[in-house]
Structures are given as C-alpha cells and as structure tokens.
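Before I ask anything, here is the structure I am working with.
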Amino acid sequence: MSLLQDWEQRFCSVWEHSAFTFGPAALTVPVGTTVTWINKDDIPHTVVSTDDPKAFKSKVLDTDEKFSFTFSKPGTFPYFCSIHPKMTGKVIVQ
Amino acid sequence: MSEKKKDELLHDHNHDGIDRRGFLKCMAWAGTGAFCVMKGGVLKSYSLSRISEISTSDMMGELSFVQISDSHMGFNKPANPDVAGTLKAAVDKINALSRAPEFMLHTGDISHLSKPEEFDTVDQILKSATSKDVFYVPGEHDVLNDDGKQFLERYGTGSKGGGWYSFAKKGVHFIGLVNVMNLKAGGLGTLGHEQLEWVEDDVKHLKESTPIVVFAHIPLWSVYPEWGWGTEDSAQALAYLKKFGSVTVLNGHIHQTMQKVEGNVTFHTAASTAFPQPQPGKADSPGPMKVPAEQLKSVLGITNVNYVQGQHALAVVDSTLA
C-alpha cells in the first residue's frame, strides 16, 4: 500500500498551461502516474481526450483550476482544449 | 447647411459595379468612424462626425438593427473587471442612437463560463435596451459542459439542429448559424453537413435580389487560422449564397472590428463589449488584451446596420463605447 503512495508522490506530474498552449506539448510518464493540469491562463480551458471513446474529459477549468487523471495503461493519449481546438497535446505512457 | 464632405467614387475597374479602390479607402476610414453606403454600385462615404448633415433619404433605411458581441458575462480578470458595466455602457450607446434599432443580434460568447447566472445577467441588462427583440447565436463559451443544451433551452426556440435558424425583416433574409459545436482537435469553427444542407434548402426559393445577412460567432472567412479564427466549411455555405446580389456576414469571436469585401459578400466582425484581443499575429496568443483603464471603452463597441431598400449593400457602422 505504501509503495503505491510513494509511486504516486514521486510520479505525480503537475504542469501548467498558459498562453493558449499545453506545456509541455508532449509529456512522457510511467504507467500509473497521476497527471494534473493547472490552468495558468486568464481564460478558461478544457482537457479532452481525442480518442474514441474519450479516455478523459475535464470540466471547464477557469484560472488556477485543476484536473487530474491517472494513466493506468500504456499508450499515447492525444488531447486538446475543446474551447480552443488549436491547443493540442499528448501524454505518452510507457 | 454647411458644405458636406461627400466623396463619390466612380472607378469600375472590375466591371462588376463595385469601386474597390474607393471601398478599400472607405474601409480604412471605417476605423475612425465612417459611414459607407453603396447606392447603385457607387460608393458614398461620409465622416461619422458629419452624419447629422446627411439627408434622411441617404442615411435612413427601411431597416436598422444593432449587432453586439462577446459580452463574456462572468469574466473578471484585469483586462476588464466589470464586463457588466461595459455591457450597460453598450446598451446606453444603443439607446442614444437617433433612430432606435428594430432589434439586436448577439453574435455569441454571451456568457464566459455558460453559467445560468451569467446568461440571466445579460438578459437583465439587455432588457433596458430600446430594442426588445434580440436574436442570438452561441459562442464557444456558451456551450460548455452540456453540448449547448442550456443555450438551446434559453435561446433556441424555433431553431433547427444545433440552433440554426432564419427569419425575414422588411425583405431582408437573416440566417443565424452555429459554428462552435463539435470542434475537432487542431481545427477551426465548423458548420457541419446537416447545417449546410439546411442552408442550401433555406435559401433555395429566395429571389436573387433578396438581401442576405448571415450571422455566426466565429468568422466565416479565414482571418487567422493559427489562432482558430476561421471556419473550415464556410466556403460551402457561401457557395449556396452566390446567386444573391447582396450578402452581409456578421461575426464576432475576435474582439476587434475587421472588414473584407469579396464579390457580393461583405464580411464584418464586431468588437466585444467585454475586452479586446490582439490583432492577428501581434501577440503570442489571442487572449484578453490589457489596455490602460482609461482606454478600455475606446476598444469596445457596438455595430449599427442600416438597410435602404433598393441599395446593393447594407451600411455597417462601428462605434466604440468611449
């Protein structure tokens, strides 16, 4: 049980998006990582998987709001902001 | 009456009745408040400050309406901490027009976060406008969380599919389109097959002399694709309107006024009543642009549109809140 907690703590990735970009645009993490997105823009954004069916979908995030998702399977997970579709990114889970 | 400043521009190089050089000159003036009226293919322009000198028959039309856009009720960041106040200032501006507009078009982003109280506040503020009828199309900020269900319940009576509709006023045919739903990653605004088929059918039986006004949130021409300022499949919609002698396209989304003329189509975007955005490519991103507080009202605005029966184009005049 404690091993799982350590795993989460060590591999919890937090990254910000600002100025209409996801930064970094491509993030590589090990299986089991919880990734948290924080909106640092002064305009709302969403984080929506482009897979069908969607792997994840956040509610609307205003400034400083967060969304987390745990990637329990390997693969490449592209996503975008449904409000500003030119904003795209991907999470690579290995 | 003192001398009028009146330009008649009579160069018809393309033999299509449109004096492009004159129109471009007029477009440059439009930023400082020019009133351009096309009469029988000849462009006449008047400085807005002299508008009181223009004869009634020249300026007054059969139909007069106002476009407002991008009120973003709920936005409260430094670019404008009081969007309700600036929307009220826009209503004051509308109420001060010498001729009360018959109705208003709101080209979307009514709310900032699609919250019920945000829509309620806009409804409340617009109630004090002289024109009681308002026609809406959604912006991407109005259809968050629920695929536009709330928007349709509030404003979509009589609309089809995702909220598109048309209506006629004094012989002018208005078409409200929705290009903010089902946006694809990396994409632009989109109308979709069902809506395009509806447009084709909607205008099929109209006479070519019917003036058309199309209104939608995201620009229907390619203003700046890098920032998503365009609609992927608008060319198809415009193809269905090719037969018409006068098409005016009114959009919002980019929070600044911009005009373009292409054949019989005049494209125009409105300023926001909430906050400005940078010109294409002039900043890293298209987000809210901060200006000194005392300048804010000079970069927000409304658009007044007049139609004179028998004329080729509608007269579209922007004015700022300052």
Side-chain angles (χ1 to χ4, degrees), chain A residues 15-29 35-69 71 75-93, chain B residues 70 72 74-81 83 108-109 111-115 118 138-148 150 179-190 217-218 224-232 253-255 272 274-275 277-278 283-290:
Chain A
W15 98 79
E16 310 182 345
H17 33 108
S18 61
F20 287 71
T21 56
F22 290 111
L27 179 76
T28 304
V29 297
V35 175
T36 300
W37 286 260
I38 303 175
N39 183 2
K40 283 306 192 185
D41 250 347
D42 55 359
I43 204 88
H45 292 298
T46 60
V47 180
V48 180
S49 157
T50 53
D51 291 325
D52 184 21
K54 295 187 180 52
F56 48 85
K57 179 181 168 173
S58 76
K59 64 170 184 54
V60 174
L61 307 173
D62 204 358
T63 309
D64 291 329
E65 288 189 325
K66 299 179 191 175
F67 168 71
S68 296
F69 183 77
F71 290 89
T76 299
F77 297 86
Y79 63 90
F80 76 123
C81 170
S82 59
I83 308 172
H84 311 101
K86 286 285 177 179
M87 268 175 77
T88 59
K90 62 183 172 190
V91 179
I92 301 158
V93 186
Chain B
D70 294 89
H72 282 267
F75 179 84
N76 57 8
K77 304 291 185 300
N80 183 357
V83 297
D109 280 357
S111 70
H112 189 54
L113 295 167
S114 298
K115 291 186 181 163
E118 292 171 354
E140 69 282 1
H141 284 255
D142 298 318
V143 296
L144 306 171
N145 297 325
D146 65 352
D147 289 330
Q150 193 195 175
N179 56 3
V180 297
M181 310 274 249
N182 304 315
L183 301 180
K184 300 283 180 291
L188 303 171
T190 175
H217 182 67
I218 299 177
Y224 197 58
E226 292 90 326
W227 284 354
W229 290 2
T231 300
E232 274 154 9
H253 188 59
I254 70 174
H255 295 222
S272 162
F275 52 84
Q277 286 177 348
D284 290 335
S285 70
M289 187 170 78
K290 289 186 260 296

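Bear in mind the structure is a predicted one, so any value in this text is a computation, not a measurement. Here is the naming used below: chain letters follow the sequence lines, and residue numbers restart at 1 for every chain.
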Measuring heavy-atom distances to chain A, does B:Leu113 have an atom under 4.5 Å in its side chain, in its backbone, in both, or in neither? side chain
Could you tell me if the side chain of A:Pro85 sits less than 4.5 Å from the side chain of B:Glu140, heavy atoms only? no
With a 6.0 Å cut-off (strictly less than), is the heavy-atom count around CG of B:Asp284, excluding the residue itself, greater than 12? no
Run the numbers on A:Ile43 and B:Phe275 for side-chain contact (heavy atoms from CB on, under 4.5 Å), then give the verdict. CA-CA 12 Å; A:Ile43 204 88; B:Phe275 52 84; 4.0 Å; yes
For the CG atom of B:Leu144 and the OG1 atom of A:Thr46, what is their distance to the nearest 0.5 Å? 8.0 Å
Less than 4.5 Å to any heavy atom of chain B: does that hold for the side chain of A:Thr50, its backbone, both, or neither? side chain
Where B:Leu183 and A:Ser82 come nearest, the two heavy atoms and their spacing: CD1-O, 3.7 Å
In terms of heavy-atom proximity below 4.5 Å to chain A, should B:Pro286 be classed as side chain, backbone, both, or neither? both
Looking at A:Thr63, A:Asp42, A:Val48, which one has more heavy-atom pairs under 4.5 Å with chain B than the rest? A:Asp42
Check B:Lys77 with A:Asp62, please: is the shortest side-chain N to carboxylate O separation under 4.0 Å? yes
Can you tell which part of B:Lys115 gets under 4.5 Å to a heavy atom of chain A, answering side chain, backbone, both or neither? neither
On a heavy-atom basis, the closest approach of A:Lys86 and B:Trp227 is CG-C, 4.3 Å
How about NZ on A:Lys66, more than 12 heavy atoms from neighbouring residues, nucleotides or ligands closer than 6.0 Å, or not? no
Between atom OG of B:Ser285 and atom CE of A:Met87, what is the distance when rounded to the nearest 0.5 Å? 9.5 Å
Nearest heavy atoms of A:Thr88 and B:Gly186, plus distance in Å: CG2-N, 3.7 Å
Between B:His72 and chain A, with a heavy-atom cut-off of 4.5 Å, which part of the residue counts as in contact: side chain, backbone, both or neither? neither
Comparing B:Gly187, B:Gly228, B:Gly287 against chain A, the one with the most heavy-atom pairs below 4.5 Å turns out to be B:Gly187
